[in-house]
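Chain A is the first sequence line, chain B the second, and so forth, proteins listed ahead of strands; every chain is numbered from 1.
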Protein chains: 2
Amino acid sequence: MPEQSPGSRPTLEAVAARAGVSRATASRVVNGGDGVRKPLVDKVLKAVDELGYIPNHAARTLVTRRTGAVAVVIAEPEIRIFSDPFFSQQIRGISKELTAHDTQLVLLLVEGPGDFDRIARYLSGGHVDGALAFSLHTDDPLPAITRRAGIPTVYGGRPSWTADPGDQAVPYVDADNRGGARVAVQYLRDLGRERIAHIGGPPDQTSAMDRLDGYRDVLIDVDPTLVAEGGFTVESGARAMAELLERRPDLDAVFVANDLMASGALRVLRERGVAVPEQVAIVGFDDMDSVAATTDPPLTTVNQDIEGQGRLMARLLLRGLDRDRTGNGPAPDSVITPTTLVRRASA
Amino acid sequence: MPEQSPGSRPTLEAVAARAGVSRATASRVVNGGDGVRKPLVDKVLKAVDELGYIPNHAARTLVTRRTGAVAVVIAEPEIRIFSDPFFSQQIRGISKELTAHDTQLVLLLVEGPGDFDRIARYLSGGHVDGALAFSLHTDDPLPAITRRAGIPTVYGGRPSWTADPGDQAVPYVDADNRGGARVAVQYLRDLGRERIAHIGGPPDQTSAMDRLDGYRDVLIDVDPTLVAEGGFTVESGARAMAELLERRPDLDAVFVANDLMASGALRVLRERGVAVPEQVAIVGFDDMDSVAATTDPPLTTVNQDIEGQGRLMARLLLRGLDRDRTGNGPAPDSVITPTTLVRRASA
DNA sequence: CGCATGACTGAGAGCGCTTCCCGTACGCGG
DNA sequence: CCGCGTACGGGAAGCGCTCTCAGTCATGCG
């Protein structure tokens, strides 16, 4: 690779000159070379190579009006954000897919409520072609922002407002939370468990609600005392478990809405000398490898392909952007990814 | 905020026209307004506001040759990456600082060894003004890449080659690992412990080595059987603890190079019925809030301000970029951030 | 053999912005 | 009241690239 002399990189002009063609032809070659005869293509490529030419991104963006960048907006006031393997795996998937399409990942962390202004300005500023967002809470202002900015956006997780009629559909990627929950609870029932409790997640997150719905699908007329609410954290899971044991010492199984809470629940059960799975069987959700496999006993849980979801989000967005540009292809539709039950020792 | 008619955003030209000034004057106002009389400034700002003008970033970059973006390169083949609260907090700090300076964060995840080519191309491509990187392993190709691309870079954690003489200094931000370790071990000794073991991190990470050095600073002629090596993971910590107990059943304290390993060590001690801190005192490192406070017993550990380190990294880089541009100010220098011992129950 | 047709290539016009350079208008002192 | 100096505003030149449009050349067919 040729050394870069400081401050001056070769331009297309230089490449064209060296190859003995016009700038237009050089440009054509650099952008795929359609309609340029082989010998010229080779000459240009040779010049590119010799000069170490790298296209100027800003100039290209200026004329094409496309940035080749996508924003990933993470708005999570809680600590959970990155520490949550969930996000990190999702981002990893996104990164892989974007990279494969020569698209940059611009990370936008929302630090506080006042930040939405900044985000809005940024998204409106034409810095990125599209956005990927994680819709978490009911009152999330993000959808409104992206809509007003006219930025194509794909959501991770079913946005809460998608239930509302009349709202325009937005593409999103989500796991089959309800189906997964159904399978999990059904499994517990097939095991012969009769008083299956549930520790749910925060009600303003659709994933939590969908999992609860799945639970109810199987246990139609469930006694409300068998249901407790947690906050998707280890601690809240422990609290909820304690609460359930208090209310229903007779319970013989718990379907917990995520692995973190399940690990908290396991701890409480262990502390109180309740044998898992003999006395109480536990099934979690997410199959976080850093949690589910290392609990004692290892957690039976519902697996979802989180990284795959990230990839899918990116792919959906890129496809949509491509469609905007070329004007053809089907409108991107939401995708529900499958879930599978992973049997370990806790149930 | 005015609605954007699709596809056409107001230009500086439009703002200038509406304000009744030249484009040059409008530009000056938008960029700070130096040397423009108050009434005109106001007129322009009013026009900007009314039109909802947002500068075209590509055009600006094209002429100024500055992108207003910084790359954050994370090259960690292991899973640890994001799941590691370490990175997430660091990134959070970086994000805050960059945001405060209207600079974008472009995330570059290295997925595999072959990816370095892509990273190199990207960094050379003038997409970003600078880079922040986490130097982890001895043979990391990143430093060479950024140097060749001529991209100002600040490292997180002391790069291993900084020990080599003759190598040009690179700015980095790191905690006072050695000092922190010293304080921790000294604390154990002040407690009256006499056979203080050490579980170290991977030898190709400077933080691990520096902590080991701190340990040795206090325990000058330490018996090598008291030192075991781990990989900064829970499991490796457990393994190392088991190994130490095997070799030296008489040990009465362990200084562990990070909290994750410490939690693994605690588990092993608990399983074997060794009382902590009565029989064996444990001190960790990092003070990860998701770990140190929730172990049983809560972990005495060495705290470092990780988010602050991230901020510092960004600040150092921005200062360097500013210096490159204006040509004045001191060259950015590396920073070692202080560490403090946090007393909890494990020692 | 001549002209039409198609396939390529080249010239040039900007994309929106910053900034240099020059003209001018205003300030002040004499 | 007039001259000069200073500071501010305006014109214009690109930054590097894409893409339309027109021109060129070779070929195929009548």
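- Distance CD (A:E13) to P (D:dC15): 9 Å, rounded to an integer number of Å.
- In this structure, NZ of B:K38 is placed 15 Å from P of D:dC8, rounded to the nearest angstrom.
- The CG-P distance, from A:L62 to D:dC17, rounds to 12 Å in whole Å.
- Residues in residues 11-37 of chain B take part in no ring pair (Phe, Tyr, Trp, His ring centres under 6.0 Å) pair, two or more places apart or across chains.
- Dashed line: the shortest gap from a side-chain N or O of A:R60 to OP1 or OP2 of D:dT18 is under 4.0 Å.
- When the P atom of D:dG16 is taken as reference, atom CG of A:N31 falls 17 Å away, rounded to whole Å.
- Residue contacts for B:V36: at a heavy-atom cut-off of 4.0 Å it reaches the sugar-phosphate backbone alone, with no base atom in range.
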Take A:F134 and A:Y155, measure what ring-ring contact (aromatic ring centres under 6.0 Å, His included) needs, and give me the verdict at the end. CA-CA 5 Å; A:F134 300 92; A:Y155 287 85; 9.1 Å; no

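- Partners of B:D305 under the side-chain contact (heavy atoms from CB on, under 4.5 Å) rule, at least two apart in sequence or in another chain, are B:E307.
- Taking 4.0 Å as the cutoff to heavy atoms of chain A, we find the contact window on DNA chain C bounded by C:dC8 to C:dG16.
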Apply side chain to side chain contact (heavy atoms under 4.5 Å, CB included) to the pair B:L108 and B:I74, showing each step before the final yes or no. CA-CA 6 Å; B:L108 260 37; B:I74 302 191; over 6 Å; no

Classify every nucleotide of nucleotides 21-27 of chain D by which part a protein heavy atom approaches to under 4.0 Å, writing B for the base, S for the sugar-phosphate alone and - for neither, in 5'-to-3' order. -------

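- Remark: B:H127 pairs with A:H57, B:Y122 by the ring pair (Phe, Tyr, Trp, His ring centres under 6.0 Å) rule, at least two apart or across chains.
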Decide yes or no on side chain to side chain contact (heavy atoms under 4.5 Å, CB included) for B:V72 and B:I94, but give the supporting numbers first. CA-CA 9 Å; B:V72 172; B:I94 289 171; 4.1 Å; yes

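- In summary, the side chains of B:E111 and A:S95 do present a donor paired with an acceptor at a separation below 3.5 Å, with no hydrogens or angles considered.
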Please step through salt bridge (charged side-chain N to carboxylate O under 4.0 Å, His left out) for the pair B:K38 and B:D42, ending with a clear verdict. CA-CA 6 Å; B:K38 187 75 169 35; B:D42 291 344; 3.1 Å; yes

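- A heavy-atom distance below 4.0 Å to DNA chain D is reached by these residues of residues 19-27 of chain A, ordered by number: A:R23, A:A24, A:S27.
- The pair A:R118-A:D115 meets the salt-bridge criterion, with a side-chain N (NZ, NE, NH1 or NH2) lying under 4.0 Å from an Asp/Glu carboxylate O.
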For the pair A:L132 and A:V70, evaluate side chain to side chain contact (heavy atoms under 4.5 Å, CB included) and give the outcome as yes or no after the intermediate values. CA-CA 7 Å; A:L132 296 171; A:V70 160; 4.1 Å; yes

Quick one, A:E97 with A:M313, criterion side chain to side chain contact (heavy atoms under 4.5 Å, CB included). Give me CA distance, side-chain angles, the key distance, then yes/no. CA-CA 9 Å; A:E97 191 69 21; A:M313 286 176 67; over 6 Å; no

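- Taking 4.0 angstrom as the limit, B:R37 places none of its side-chain polar atoms (N or O) nearer than this to OP1 or OP2 of D:dA7.
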